[in-house]
Amino acid sequence: MADNTYDAIVIGSGISGGWAAKELTEKGLKVIMLERGRNIEHIKDYVNANKEAWDYPHRGHRTTQMEKDYPVLKRDYPLNETNLDYWVKDSECPYTESKRFDWFRGYHVGGRSLMWGRQSYRWSDLDFEANAKEGIAIDWPIRYKDIAPWYDYAERFAGISGSRDGLPQLPDGQYLPAMDMTCVEKDVSARLKDYYKGARAMIIGRTANITVPHGGRPGCQFRNKCWLGCPFGGYFSTQSSTLPAAMKTGNLTLRPWSIVTKILYDKNTKKATGVEVLDAETNRTYEYKSKIVFLNASSLNSAWVLMNSATDVWPDGLGSSSGELGHNVMDHHLGVGAGGVVDGYEDKYYYGRRANGVYIPRYRNLFGDKRDYLRGFGYQGGGSRQGWSRQIAELNIGADFKEALSEPGPWSMGIGGFGETLPYHDNKVSLNKDKKDKWGLNILDIDCELKENELKMRKDMQQDAIEMLEATGVKNVKGHDSNAYLGRGIHEMGTARMGKDPKTSVLNSWNQVWDAKNVFVTDGSFMTSAACVNPSLTYMAMTARAADHAVSELKKGNI
């Protein structure tokens, strides 16, 4: 549009940014979506999507040079040569750690919607009510009934496959046909239900992989190469789903290489007027004007944008009047669980490479159970057979070795916990103005840690995993608990929490910044607590809800 003026600006193109662009354009608004990184075009730019391990110089693994170049990414599984260019270079975009926090980021069109784990679960009222009932932090300004229709809406569009299990702590949704469990998983699930008399359940994961043709996408091919980008559109991503829908309207402009450095604010009208953008390739600065702004840069980066905005009015940034901006950082803590081997089933196998696993929903501190910590955890995992890559010490060379590896190995079963982290005010991010990134911009300092509540929970997470596997017939069960650091869940939340009172929250119940009602924040920033389920489906639903409200308020002249 002329003069760089639009009806709406969307900052970020990941899961929530893509949804904001789709919803706003379909409602008739002219929108520009600004992405700080490069463009990745659906299908064309998935350059490794059809490669196998032998097509890579190092068989897909990491090298010592990669570990040197990516000191943060090397802390966990993301560092490998199959999709290295999807992850941020630590040297270009550094951050400092007052306490260790493993921040794994993707700066490109689609963001982490290209690499996410796709597990998609609803919250229940048990989650929305927990803060209020336990006197933790502040109360959510909404309840399940407020978001339930939007969960329906998001699931129908995104395509979530799963089973309807009738669990009060994990509401059912609008699902495509569920993927199958393996024979071992089915038997372990049945034994688990019987042993705990229905108090615990093992279900197939509810995943954003489509199992039948959906929305013009043919469906999951069971290749388990999701994080390379899927040329079949087998899972929900910005590229496969929301971006095509937004582009179809003719109302979207996409501008990659656009680092939003601040939201422009008019203190007379108490509204945002647009954004300032630094072109990541030319270092030139631009301004874009709009009636509304949707901030979807991911929880930590959205806090960074707000902290750099309207500092002439609030020294700590737009949305800081409550003293909560940048605080209450949450993630799910993981790296704890158990695994073992399963005897028998040598004549059984399974189809393809299922990009999904099983899920054990939360059962602690529910339905009469009471622990010495608050909240709870769920498990993700699966049962499968070892493949050709297993090591057989006794047969390490020759024809016998090759023949042995032509047959699948024994069955194994493992589960890993995802625990809820409470919203602590002193788990925070702040601007480090002494260090700069590649573009000379201030960087973030992260000061977050697990506290006593989570550490107590982890003991149960390991012991319960051992107990459940042994009770269901798994042999040689061994527990594990390692690297208890935040960030590894890649579920950053809480830097601009929503609430009922502008004195204690950054956003209202519609995701609007109290200090600027035409600024909406609908990524993980708004989360007032974390629950223990994967959060992305909630971001989708809340973004659609906020966009509907934004357009309604815009038409009424209220923003």
Side-chain angles (χ1 to χ4, degrees), residues 11-12 14 16-17 34-37 70-76 78 87-108 111-112 258-263 275-278 280 295-311 314-320 322-332 421 423-450 485-497 506-507 513 519 521 523-527 530:
I11 304 169
S16 64
L34 301 169
E35 167 55 52
R36 65 173 293 154
Y70 294 83
V72 175
L73 204 60
K74 77 175 184 181
R75 298 174 183 175
D76 209 344
W87 300 95
V88 167
K89 292 182 178 178
D90 302 327
S91 58
E92 294 182 354
C93 304
Y95 66 100
T96 55
E97 300 167 277
S98 290
K99 297 184 180 74
R100 175 174 164 176
F101 187 97
D102 300 346
W103 192 14
F104 304 145
R105 299 161 285 169
Y107 294 164
H108 49 255
R112 288 178 298 197
S258 302
I259 303 173
V260 175
T261 54
K262 67 179 67 171
I263 294 171
V275 300
E276 181 181 279
V277 168
L278 176 67
L295 179 52
N296 300 93
S298 83
S299 187
L300 305 190
N301 281 321
S302 288
W304 181 89
V305 171
L306 290 170
M307 288 173 179
N308 283 304
S309 304
T311 52
W314 300 278
D316 294 324
L318 180 63
S320 67
S322 64
E324 296 298 332
L325 178 63
H327 292 270
N328 314 298
V329 174
M330 297 169 287
D331 183 28
H332 292 129
T421 301
Y424 302 104
H425 179 79
D426 56 352
N427 273 356
K428 66 183 188 299
V429 295
S430 57
L431 293 181
N432 182 339
K433 298 182 180 180
D434 296 326
K435 295 188 177 181
K436 309 291 182 183
D437 66 9
K438 175 183 176 180
W439 296 274
L441 300 169
N442 295 329
I443 64 173
L444 280 177
D445 179 79
I446 307 179
D447 185 358
C448 301
E449 64 181 352
L450 295 178
Y485 298 102
L486 291 172
R488 293 185 66 206
I490 323 183
H491 296 159
E492 310 97 70
M493 295 173 269
T495 57
R497 70 184 182 190
V506 180
L507 310 174
V513 176
V519 177
V521 186
D523 55 21
S525 308
F526 71 83
M527 301 287 272

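Here, residue 1 is the first one in the sequence, and each next residue gets the next number.
- Using a 4.0 Å cut-off between a side-chain N of Lys or Arg and a carboxylate O of Asp or Glu, K428 and D426 do not qualify as a salt bridge.
- Contact check for S302 versus N296: no side-chain heavy atoms found under the 4.5 Å cut-off.
- Under a 3.5 Å cut-off, the side chain of E97 and the backbone N or O of I446 do not form any donor-acceptor pair.
- Side-chain contact check for L486 versus V329: every heavy-atom pair is 4.5 Å or farther apart.
- Side-chain N or O atoms of S309 include one that pairs as donor or acceptor with a backbone N or O of I263 at under 3.5 Å.
- K435 NZ: 12 or fewer foreign heavy atoms inside a 6.0 Å radius.
- In this structure, the side chains of Y70 and K89 come closer than 4.5 Å at one or more pairs of heavy atoms.
- The minimum heavy-atom distance linking K99 with D447 is given by the pair NZ-OD1, 2.7 Å.
- Atom OG1 in T495 sits 7.0 Å away from atom CG in D523 (nearest 0.5 Å).
- Remark: side-chain polar atoms of D445 are not paired, donor with acceptor, to backbone N or O of L431 under 3.5 angstrom.
- The backbone N or O of F104 sits nowhere less than 3.5 Å from a side-chain atom of W87 that would complete a donor-acceptor pair.
- Between F101 and E492 the shortest side-chain heavy-atom distance falls below 4.5 Å.
- Residues T261 and N308 have side chains not in contact (no heavy-atom distance under 4.5 Å, counting atoms from C-beta outward).
- Minimum interatomic distance between K436 and I443 (heavy atoms only, all atoms of both residues): C-CG2, 3.8 Å.
- When every heavy atom of Y107 is checked against every heavy atom of R36, the shortest pair comes out as CD1-NE, 3.4 Å.
- Taking CG from N301 and SG from C93, the interatomic distance works out to 8.5 Å, rounded to the nearest 0.5 Å.
- Side-chain contact between R112 and S298 is present, with heavy atoms from C-beta onward closer than 4.5 Å.
- Note that CH2 of W314 is 10.5 Å distant from CG of L306, once rounded to the nearest 0.5 Å.
- For the atom pair CZ of R105 and CG of L73, the computed distance is 9.5 Å after rounding to the nearest 0.5 Å.
- Using a 4.5 Å heavy-atom threshold, the side chains of E449 and N427 count as touching.
- Considering every non-hydrogen atom in both D316 and L325, the closest pair reads O-CD2, 3.8 Å.
- The backbone N or O of A530 lies less than 3.5 Å from a partner atom in the side chain of H332, making a donor-acceptor pair.
- Between the side chain of D76 and the backbone N or O of P78 there is no donor-acceptor pair closer than 3.5 Å.
- Once rounded to the nearest 0.5 Å, the distance linking OG1 of T421 with CG of D331 reads 6.0 Å.
- S525 and S299 get closest at one heavy-atom pair: OG-CA, 3.2 Å.
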Checklist entry - What do the steps show when you test M330 against H491 for side-chain contact (heavy atoms from CB on, under 4.5 Å), and what is the final call? => result CA-CA 8 Å; M330 297 169 287; H491 296 159; over 6 Å; no
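- Between the side chain of R497 and the backbone N or O of P423 there is no donor-acceptor pair closer than 3.5 Å.
- Remark: C448 SG to D102 CG distance equals 11.5 Å, nearest 0.5 Å.
- Residues S322 and V506 form a side-chain contact, since some pair of their non-hydrogen atoms from C-beta on lies under 4.5 Å apart.
- Contacts of Y424 classified as ring pair (Phe, Tyr, Trp, His ring centres under 6.0 Å), with partners at least two apart in sequence or in another chain: none.
- Taking the six-membered ring where the residue is Trp, the centroids of W103 and Y95 are separated by under 6.0 Å.
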